[in-house]
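Report on the following structure.
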Amino acid sequence: MKGFISYFIKYPVAVNIFIIGFLIFGFLGYQSMSSSFFPLADPQNILITVTYPGASPEAVEEGIVDKVERNLKGIAGIDRVSSISQENLASISIETLSDFDVNTVLDEVKNAVDRIPSFPKTIEPPVIETVLPTRPAISFIVTGEAIPLRILKTYAQRIEDDLLRIEGISQITLSGFPEEEIEIALSEDQMRNYNLSFEEVAKAVADANIMLSGGSIKTADEEFLIRVDNKGYMADALNTIVIKSSASGSKVLLKDVALLRDSFEEHPDRVYYNGAQAVQIDLKNTNTEDLIGSVDKVKAYIANFNAQNEGIMLQETFNTADFVQDRISLLLENALVGMLLVLLILSFFLRPSVALWVAFGLPISFFGMFMLLPHYGVTLNMLSMFGMILVIGILVDDGIVIAENIYSRREQGDTPIKAAVMGTLEVLKPILSAIATTILAFSIFFFLDGQIGDFFEDI
């Protein structure tokens with residue numbers, strides 16, 4: 001260790017090369033770091049979703065959830081299984097062990113579900129997928145005075161399409177409105193006039209409102225694809241469905257026996273802003289997306305939209321990037337205040353040159369850190385920056401101890417080189433011991449499994 005320290009003291013050119021390298025590559029590393037509210041985590045959860053139309057929660061539990069959970073027993077890599085049975089829907093969440101590949105467990109889960117032969121016939125095919133880790137980024141609402149909910153939803157869907165075209169934005173959800181439906185109100189008198197039953201009308205609508213592929217026809221020159229595309233998504237598109245026809249060519253259309261209108265489900269899913277109806281848009285970030293960058297893009301879109309539209313506006317309600325920006329400001333403030341105090345106090349008690357080098361060691365250490373962090377998948381988040389704030393105090397304390405001891409040796413008559421070498425070596429062991437105790441206190445986070453371990457590992 002003495003030879004190592006002596007080398008860098010005797011040959012300042014090597015020190016300067018290291019400092020320049022730290023500054024350049026540290027800055028590039030900082031530029032390449034992305035930001036997130038919480039640390040990144042690899043996918044560890046699997047979600048099974050099964051739709052069972054018309055079923056009660058009890059029927060969902062008995063017909064789907066119990067059978068799936070029974071078949072999942074014994075699969076290696078599963079830590080915990082939890083489920084929710086609700087009307088028409090079963091959701092089964094599987095948490096995997098961190099030392100197992102989630103994709104391998106996913107294949108085993110799919111095989112286990114496929115082996116169940118006694119599912120109810122009316123269920124839709126099970127959807128089995130890994131849960132992509134996402135974190136909230138920004139939320140805003142679409143609102144306006146006396147604007148119908150249907151128009152607000154149309155605007156919200158158009159905004160969603162615009163935002164999805166922006167690079168770095170991929171996860172958007174809309175809320176504040178129920179699902180749309182087409183209401184068909186049959187007239188009993190008209191049905192009696194045309195001698196129609198409810199079942200006949202329902203069957204005619206189901207048979208006509210379809211989208212199917214009919215295969216293909218190949219000729220010597222080309223191939224024709226056969227498709228039936230008669231799917232209607234609005235009430236007007238269903239008005240002309242033929243319910244009944246006669247040999248003479250007369251037809252009874254759906255609009256002759258029913259009143260059709262577009263409506264929302266009877267569900268209390270509403271969002272209000274200052275008493276006016278609104279639609280909420282939530283944006284989340286994945287592991288590959290930058291929090292601050294995506295939020296800045298959304299804010300720019302909101303400002304541009306409000307400048308171009310009257311009567312309808314976008315209003316930001318919440319974003320997590322502000323918390324990260326505040327933490328970055330706190331980190332910079334602590335670093336600058338720490339450097340300033342070191343310069344003032346050490347200049348008063350020691351020499352200004354000694355104070356300058358102690359203060360200069362703080363940014364150099366941080367640039368060295370930024371060189372390494374991107375290679376380990378660390379982002380600028382609330383926890384990693386909390387760790388950086390802790391490190392500022394450690395760096396300042398250790399720098400002051402070393403500088404003061406070197407200055408003391410110099411006052412005792414040692415040459416500058418000897419004072420630097422011996423002054424450092426004398427306090428090296430206690431400083432390393434102090435650093436080791438801090439490392440030991442926080443190293444427990446490396447051994448925590450599951451989401452807690454992933455959450456605190458950045459510190």
Side-chain angles (χ1 to χ4, degrees), residues 34-45 47 49 51 84 86 89 91 93 127 129-144 147-180 264-265 267-309 312-327 379-383 451 454-455:
S34 61
S35 58
S36 63
F37 188 68
F38 287 129
L40 305 182
D42 294 327
Q44 291 293 332
N45 291 345
L47 180 64
T49 306
T51 301
I84 298 176
Q86 60 191 68
L89 184 68
S91 299
S93 179
V127 178
E129 58 186 349
T130 55
V131 180
L132 183 68
T134 58
R135 288 158 295 278
I138 185 172
S139 298
F140 61 96
I141 53 99
V142 186
T143 188
I147 296 181
L149 183 59
R150 188 175 302 281
I151 295 178
L152 291 177
K153 180 184 176 183
T154 301
Y155 269 95
Q157 290 173 331
R158 189 185 309 163
I159 293 168
E160 179 185 20
D161 293 337
D162 291 341
L163 292 177
L164 288 175
R165 296 189 187 100
I166 299 176
E167 185 178 357
I169 297 176
S170 63
Q171 306 295 317
I172 299 176
T173 56
L174 308 182
S175 60
F177 52 85
E179 292 294 327
E180 288 190 74
F264 290 103
E265 288 183 350
H267 193 281
D269 186 4
R270 295 289 190 277
V271 172
Y272 289 89
Y273 181 78
N274 290 338
Q277 283 195 116
V279 173
Q280 181 167 319
I281 301 178
D282 298 308
L283 186 144
K284 295 183 178 181
N285 281 136
T286 64
N287 286 355
T288 59
E289 296 168 350
D290 179 61
L291 171 63
I292 295 177
S294 60
V295 169
D296 287 344
K297 293 174 183 177
V298 173
K299 286 184 175 181
Y301 180 89
I302 291 174
N304 183 61
F305 182 93
N306 290 336
Q308 295 180 357
N309 293 273
I312 189 166
M313 63 175 293
L314 307 183
Q315 179 65 47
E316 178 188 334
T317 57
F318 173 78
N319 85 77
T320 56
D322 287 347
F323 295 99
V324 178
Q325 292 279 23
D326 291 342
R327 182 61 60 88
T379 62
L380 289 172
N381 58 71
M382 302 297 287
L383 291 181
Q451 295 180 349
D454 294 336
F455 193 77

Output for pair (Q171 CD, L164 CG), nearest 0.5 Å, gives 9.0 Å

What pairs of residues pass the salt bridge (Lys or Arg N to Asp or Glu O under 4.0 Å) test when at least one of them lies in residues 158-171, not counting sequence neighbours? D162-R165

Are the side chain of T317 and the backbone N or O of S139 linked by a donor-acceptor pair below 3.5 Å? yes

State whether the number of non-hydrogen atoms from other residues, nucleotides or ligands found under 6.0 Å of L47 atom CG is greater than 12. yes

Exercise: identify the closest heavy-atom pair between L152 and Q277: CD1-O, 3.3 Å

Taking all heavy atoms of N285 and all of S294, pick out the closest pair and write down the distance. ND2-OG, 3.2 Å

Hits for salt bridge (charged side-chain N to carboxylate O under 4.0 Å, His left out) against D296, two or more places apart or cross-chain, chain-then-number order -> none

Identify the heavy atoms of V279 and A156 that sit nearest to each other, and give their distance. CG1-CB, 3.6 Å

Side-chain (N381) to main-chain (S36) donor-acceptor, under 3.5 angstrom: no

R135 side chain to T286 backbone, donor-acceptor under 3.5 Å: yes

Taking 4.0 angstrom as the limit, do K297 and D290 come out as a salt bridge? no

Could you pull out all residues at least two apart from F305 that satisfy ring pair (Phe, Tyr, Trp, His ring centres under 6.0 Å)? none

L314 and N306 have their tightest heavy-atom pair at N-OD1, 2.8 Å

Do you know which of D282, V298, I281, I159 makes side-chain contact (heavy atoms from CB on, under 4.5 Å) with I172? I281

d(I141 CD1, E316 CD) to nearest 0.5 Å is 11.0 Å

